[in-house]
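Let me begin by presenting the structure, written as structure tokens, before commenting on it.
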Amino acid sequence: MENQFILTEIIAEDKIAILRLNRPKELNALNLELMSQLRDSLVALDANDEVRCMIITGNERVFAAGADIKQMAGKGAIDMLKIDQFTTWDTIRRVKKPIIAAVSGYALGGACELCMLCDMIVASETAQFGQPEIKIGVMPGAGGTQRLLRAVGKARAMEMAMTGRFITATEAYDYGLINKIVPVELYLSEAMKMAKTIADMSPLAIQAIKESINEAAETFLQEGLRLERKNFYMLFATEDQKEGMSAFIEKRKPNFKGC
Ligand code: DAK
């Protein structure tokens, strides 16, 4: 049961690995344990000579519905600072081998941010991306104001983060957030095809490309991420965060008071 939330399959002949997020009843909500297991699995595969490209996926209904709201709901700002998950996310960011997100259904909040931490995104026609944190009284905290801005531009990032609207696969493709849209039954095989193409290339050249493109995309990003994280944790000092997350759990409309 060590990795119950991440199911890993290595396809040795193709030199690729598939990591499946596995909390289906909770719509793959990214709790702390799942994120730690994902980090550990990716780090192990990064060091595994049999593997040259990784795919992170969920299931047909959902990639993941974001961080686990039930785990966060009662936390205050200091609790969040003490837990600080940023090192987990930063470790994933530093994985040298390419990572493809294969997305069907919802990729929301931290899951949309996880997709953006990956290097490429293959989506099914049913995929929906969003940063709905505003609806539960907080804000994106793991790149959703930083990488999203870089991926889709200011106006679209503002709209997505301020209204929480989910965008369709077609919109995500038009915005430049994702690489491909394919029918639902093909999203994983299409990602595997892409992974295999990459795995057949020189692994050193692939890693150099990943490092170089990320360097260009991420200059000034770290400062932005620090500010975003500070603000995200700070919001756990508000009543609106308690109200927003309780309302989600109690399945009612939140009443935000601005305090
Ligand atoms: N957390 C916990 N449980 C969740 C969940 C979530 N994010 N999303 C869904 N669930 C649970 C529901 O509570 C429900 O549980 P039961 O009632 O059956 O016990 C079950 O999954 C099925 O969900 P629904 O009944 O709601 O299913 P629907 O099809 O009606 O709706 C939905 C699907 C995805 C539209 C809806 O569930 C939804 O809106 N979910 C919440 C989406 C959301 O707000 N996500 C953002 C969460 S905040 C950071 C790292 C990460 C983050 C921040 C910082 N650092 C490193 C600093 C990330 C933050 C977030 O992602």
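This one's a predicted model, so the numbers in the text were calculated from it and none came from an experiment.
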Legend entry - CA sep, side-chain torsions, deciding dist, call: S189, L186, side chain to side chain contact (heavy atoms under 4.5 Å, CB included): CA-CA 5 Å; S189 58; L186 295 182; 3.8 Å; yes
Legend entry - Step-by-step side-chain hydrogen bond (donor to acceptor under 3.5 Å, both in side chains) determination, Q71 to E33: CA-CA 11 Å; Q71 198 172 48; E33 297 78 10; 3.3 Å; yes
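Note that CG of L19 is 5.5 Å distant from CG of L45, once rounded to the nearest 0.5 Å. For the atom pair L177 CG and L148 CG, the distance stands at 6.5 Å (nearest 0.5 Å). For the atom pair CE of M192 and CD1 of I55, the computed distance is 6.0 Å after rounding to the nearest 0.5 Å. In this structure, F86 CZ and T91 OG1 are separated by 10.0 Å, a value rounded to the nearest 0.5 Å.
Residues forming a side-chain hydrogen bond (donor to acceptor under 3.5 Å, both in side chains) with S246 (at least two apart in sequence, or on another chain): none. Qualifying ring pair (Phe, Tyr, Trp, His ring centres under 6.0 Å) partners for F232, counting only residues two or more places apart in sequence or in other chains: F236. The ring pair (Phe, Tyr, Trp, His ring centres under 6.0 Å) check on F166 picks up Y106, with sequence neighbours excluded.
E190 has a carboxylate O that lies under 4.0 Å from a charged side-chain N of K180, or vice versa, which qualifies the two as a salt bridge. The residues R94 and D46 are annotated as not salt-bridged, no charged nitrogen and carboxylate oxygen being separated by less than 4.0 angstrom.
Judged by distance alone, the side chains of R39 and T88 do bring a donor and an acceptor atom under 3.5 Å apart. Counted by atom type alone, N59 and S104 present zero donor-acceptor pairs between their side chains at under 3.5 Å. No side-chain donor from either of E159 and Q131 sits under 3.5 Å from a side-chain acceptor of the other.
Using a 4.5 Å heavy-atom threshold, the side chains of N28 and F63 count as separate. No side-chain heavy atom of I181 sits less than 4.5 Å from a side-chain heavy atom of S124. The shortest side-chain heavy-atom distance between K75 and I83 falls under the 4.5 Å cut-off. L235 is not listed as a side-chain neighbour of M80, based on a closest heavy-atom distance of 4.5 Å or more. Within the 4.5 Å cutoff, the side chain of M35 has heavy atoms near those of the I92 side chain. Put simply, the side chain of R20 does not reach to within 4.5 Å of the side chain of I6, judged on heavy atoms. In this structure the side chain of N31 never reaches within 4.5 angstrom of the side chain of E26, judged on heavy atoms. Residues I16 and M54 form no side-chain contact, since every pair of their non-hydrogen atoms from C-beta on lies 4.5 Å or further apart.
Between the side chain of Q128 and the main chain of I167, no donor-acceptor pair closer than 3.5 Å is present. No donor-acceptor pair closer than 3.5 Å links the side chain of N3 to the backbone N or O of S41. Here the side chain of E228 pairs a donor or acceptor atom with the backbone of T145 at under 3.5 angstrom. A donor-acceptor pair is defined here as one N or O able to donate and one able to accept, closer than 3.5 Å; such a pair exists between the side chain of Q37 and the backbone of F5. Judged by distance alone, the side chain of K97 and the main-chain N or O of V51 form a donor-acceptor pair under 3.5 Å. The backbone N or O of F248 sits nowhere less than 3.5 Å from a side-chain atom of R252 that would complete a donor-acceptor pair. One N or O on the side chain of D240 and one on the backbone of G258 form a donor-acceptor pair closer than 3.5 Å.
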Please list, one pair per line, the donor and acceptor atoms closer than 3.5 Å that link side chains of residues 214-222 to other protein atoms, with sequence neighbours excluded.
| unit_1 | atom_1 | unit_2 | atom_2 | d |
| --- | --- | --- | --- | --- |
| E218 | OE1 | R93 | NH1 | 2.8 |
| T219 | OG1 | E215 | O | 2.7 |

List the atom pairs, with distances to 0.1 Å, where a side-chain N or O of residues 107-122 and a protein N or O form a donor-acceptor pair under 3.5 Å, not counting sequence neighbours.
| unit_1 | atom_1 | unit_2 | atom_2 | d |
| --- | --- | --- | --- | --- |
| E113 | OE2 | G141 | N | 3.3 |
| E113 | OE2 | A142 | N | 2.8 |
| E113 | OE2 | G143 | N | 3.3 |
| E113 | OE2 | G144 | N | 2.7 |
| D119 | OD2 | I99 | N | 2.8 |
| D119 | OD2 | K210 | NZ | 2.8 |

Sequence neighbours left out, cut at 3.5 Å: what donor-acceptor pairs do the side chains of residues 195-203 make with other protein atoms?
| unit_1 | atom_1 | unit_2 | atom_2 | d |
| --- | --- | --- | --- | --- |
| T197 | OG1 | K193 | O | 3.0 |
| S202 | OG | L204 | N | 3.4 |
| S202 | OG | A205 | N | 3.2 |

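Counting all heavy atoms, side chain and backbone alike, L34 lies closest to A29 at CD1-O, 4.1 Å. The two atoms that bring I178 and A123 nearest to each other are CD1-CB, 3.7 Å, heavy atoms only.
No option in R226, K230, R229 other than R229 meets the salt bridge (Lys or Arg N to Asp or Glu O under 4.0 Å) test with D84.
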